[in-house]
There are 2 protein chains.
Amino acid sequence: MDSKGYLKHIAYDSVIFGFSGEKLKILIMKYHNTGLFALPGGFVKYDEDLNDAVRRGLKERTGLDDIYLEQFYAFGSVARYKPEVMEAIMKANNQTLDGYSWLLDRFISVAYYALINYEEVVPTPDALSDSCDWYALDELPNLMLDHSIIVTKALQTLRDNLERKLVGINLLPTLFTMKELQQVYEAILGEKLHRGTFQRKVLSMGILKRHEKHFSGAANKAPFLYSFEGSLC
Amino acid sequence: MDSKGYLKHIAYDSVIFGFSGEKLKILIMKYHNTGLFALPGGFVKYDEDLNDAVRRGLKERTGLDDIYLEQFYAFGSVARYKPEVMEAIMKANNQTLDGYSWLLDRFISVAYYALINYEEVVPTPDALSDSCDWYALDELPNLMLDHSIIVTKALQTLRDNLERKLVGINLLPTLFTMKELQQVYEAILGEKLHRGTFQRKVLSMGILKRHEKHFSGAANKAPFLYSFEGSLC
DNA sequence: TAATATTGTCGCAGATTGAGACAATATTAA
DNA sequence: TTAATATTGTCTCAATCTGCGACAATATTA
């Protein structure tokens, strides 16, 4: 157990979605002096639930508790085992490899996606990285290892789950307009939706509470504000 | 690396579905002299893809290659860490623990479900178990650890995926009648479906090929036989 | 006061779904 | 040989859902 109290061979990666400027974005880390971009990830302590490990990592990266989180796949191919990548990251940080050789071993990574309110987040790098920043899905840098595949699968799973639950709400502030909610859905699905149909469908689910109108200062009729009614899905 | 060439801390469990007697059934192992029942599972070799490890295990348990297989969740709570269970199994087999202490360590288990043609399978126990047999979902014995939860989640995921793809077909022989297909769906969903509506919907998907009629010997109009047309989903 | 951009809602046509009905047919009973 | 029976293949009809345009309401600007 020379692995600093972490389980060997097991890692997690997280695809943290936010919504801003009518676009879906995710958090990406950039490692010191390597030009390497990666998903936020981490390891699991010996006495820690896998899910708790991920929440711990999310808290460190975003400052948030109580995040909407969904596990979607465990990536376990041999092809993703590239010790030279981890070695480069360690060396760029002047770390000796003593006691860290377990990091060069093979890992199976359990991937999660999270949905958060963009405005509440303070992206925070870790010791090995010099940035943790938002990137729009259509403007991602090249990601290391199989992280691009992980992002693709995260988005696909999110789309599949979108119809079952009203998860899109987790990407918005407590109060939001129908138009904002529609824009979230359009960003996730990658297609335009008909305004009337969307509103009719969402309201028919009976889980939105309508509030007083919001006078935005724009040259048009003021929209209602809504909030989510019910337990976190 | 005293773990016989397997990755530490990582296991898999498989929920292998078959259809027989109008019921959904799964394969359950019974361990020697312990009264313990469990899902078929195993470990991942150092130079082996996670998915390949599961297929290797399925081949051993069922004799089949090319199985419809879907990963659905990685179970990683600390609560599932109960070394005394594994110890009891080993002792009941007169195994010394020398060289096997890695088996008493904590494991995260990646769970898969498989859909197979019941009639093609020859259930085969492994060295530690004295049976590998079919159990109907509503007549399962008590399963060790969190395996009951794994089964529940497998069934739920299967139901969710059922509408998206025509996966139910994987539970039937190459040639089948519309009634048989409907019975598979009813067994999975746990509810009766309307005959006319079901047939219309399935045929509208355009992925079934109709063959000549099948004279069953029953006192009624002979049904058509169908086969699945297209690539394995 | 008129023009403009959105919003909230409605109505209609087409598609989908749920449920029953009826003829066709393979076998058994008379 | 013929009638009875059980199941199959298909159809129809009503109810519901969906896509899409239309129209009035309204907050601001010209």
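Worth saying up front: this structure is predicted, and the values here are computed from it rather than measured. Lettering of chains follows the sequences in order, A, B, ..., and the numbering in each one begins at 1.
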Asker: State whether the distance check finds a donor on one side and an acceptor on the other, under 3.5 Å, for side chain A:R200 versus base D:dG19.
Answerer: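 Answer is yes: a donor-acceptor pair is held.
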
Asker: Please list every stem that involves DNA chain D, where a stem is a run of 3 or more consecutive Watson-Crick or G-U wobble pairs with both pairing distances under 3.5 Å.
Answerer: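 For DNA chain D the paired stretches long enough to count as stems (3 pairs minimum) are C:1-30 with D:1-30.
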
Asker: Which of the following nucleotides, C:dT7, D:dG21, C:dT6, is nearest to the side chain of A:P223?
Answerer: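 Per side-chain heavy atoms of A:P223, the pick is C:dT7.
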
Asker: Which one, D:dG9, C:dT17, C:dA5, comes nearest to the side chain of B:T197?
Answerer: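 It is C:dT17.
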
Asker: Verify the distance criterion only: is there a donor paired with an acceptor across the side chains of A:Y118 and A:E120 at less than 3.5 Å?
Answerer: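 No - no donor-acceptor pair under 3.5 Å links their side chains.
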
Asker: Hey, mind stepping through B:E186 and B:F198 against side chain to side chain contact (heavy atoms under 4.5 Å, CB included) and telling me if it holds?
Answerer: CA-CA 10 Å; B:E186 290 174 342; B:F198 179 79; over 6 Å; no

Asker: Between A:F72, A:Y112, A:Y73, which is the residue that forms a side chain to side chain contact (heavy atoms under 4.5 Å, CB included) with A:I150?
Answerer: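 Among A:F72, A:Y112, A:Y73, the one meeting side chain to side chain contact (heavy atoms under 4.5 Å, CB included) with A:I150 is A:F72.
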
Asker: In whole Å, I'd like the distance from the NZ atom of A:K201 to the C1' atom of D:dT18.
Answerer: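 After rounding, the reported distance stands at 9 Å.
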
Asker: Which pair of non-hydrogen atoms, one from A:V15 and one from A:V151, has the smallest distance, and what is that distance?
Answerer: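 Closest heavy-atom pair between A:V15 and A:V151: CG2-CA, 4.3 Å.
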
Asker: Donor-acceptor pairs are to be reported for all side-chain atoms of residues 155-162 of chain A against protein atoms at under 3.5 Å, with residues two or more places apart or in another chain.
Answerer:
residue : atom : partner : partner atom : Å
A:T157  : OG1  : A:K153  : O            : 2.7
A:R159  : NE   : A:I188  : O            : 2.7
A:R159  : NH2  : A:I188  : O            : 3.3
A:N161  : OD1  : A:Y113  : OH           : 3.1

Asker: Report the nucleotide, chosen from D:dA6, D:dT18, D:dG9, that has the shortest atom-to-atom distance to any side-chain atom of B:N220.
Answerer: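 Within the option list, the nearest is D:dA6.
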
Asker: For the pair B:K23 and B:E139, evaluate salt bridge (charged side-chain N to carboxylate O under 4.0 Å, His left out) and give the outcome as yes or no after the intermediate values.
Answerer: CA-CA 11 Å; B:K23 282 195 171 184; B:E139 295 167 5; 3.3 Å; yes

Asker: Name the closest nucleotide to the A:Q199 side chain, picking from D:dT7, C:dG8, D:dC20.
Answerer: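 Output: C:dG8.
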
Asker: Any donor-acceptor pair, under 3.5 Å, between the side chain of A:K221 and the base of C:dT7, if you only look at N and O atoms?
Answerer: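 Present.
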
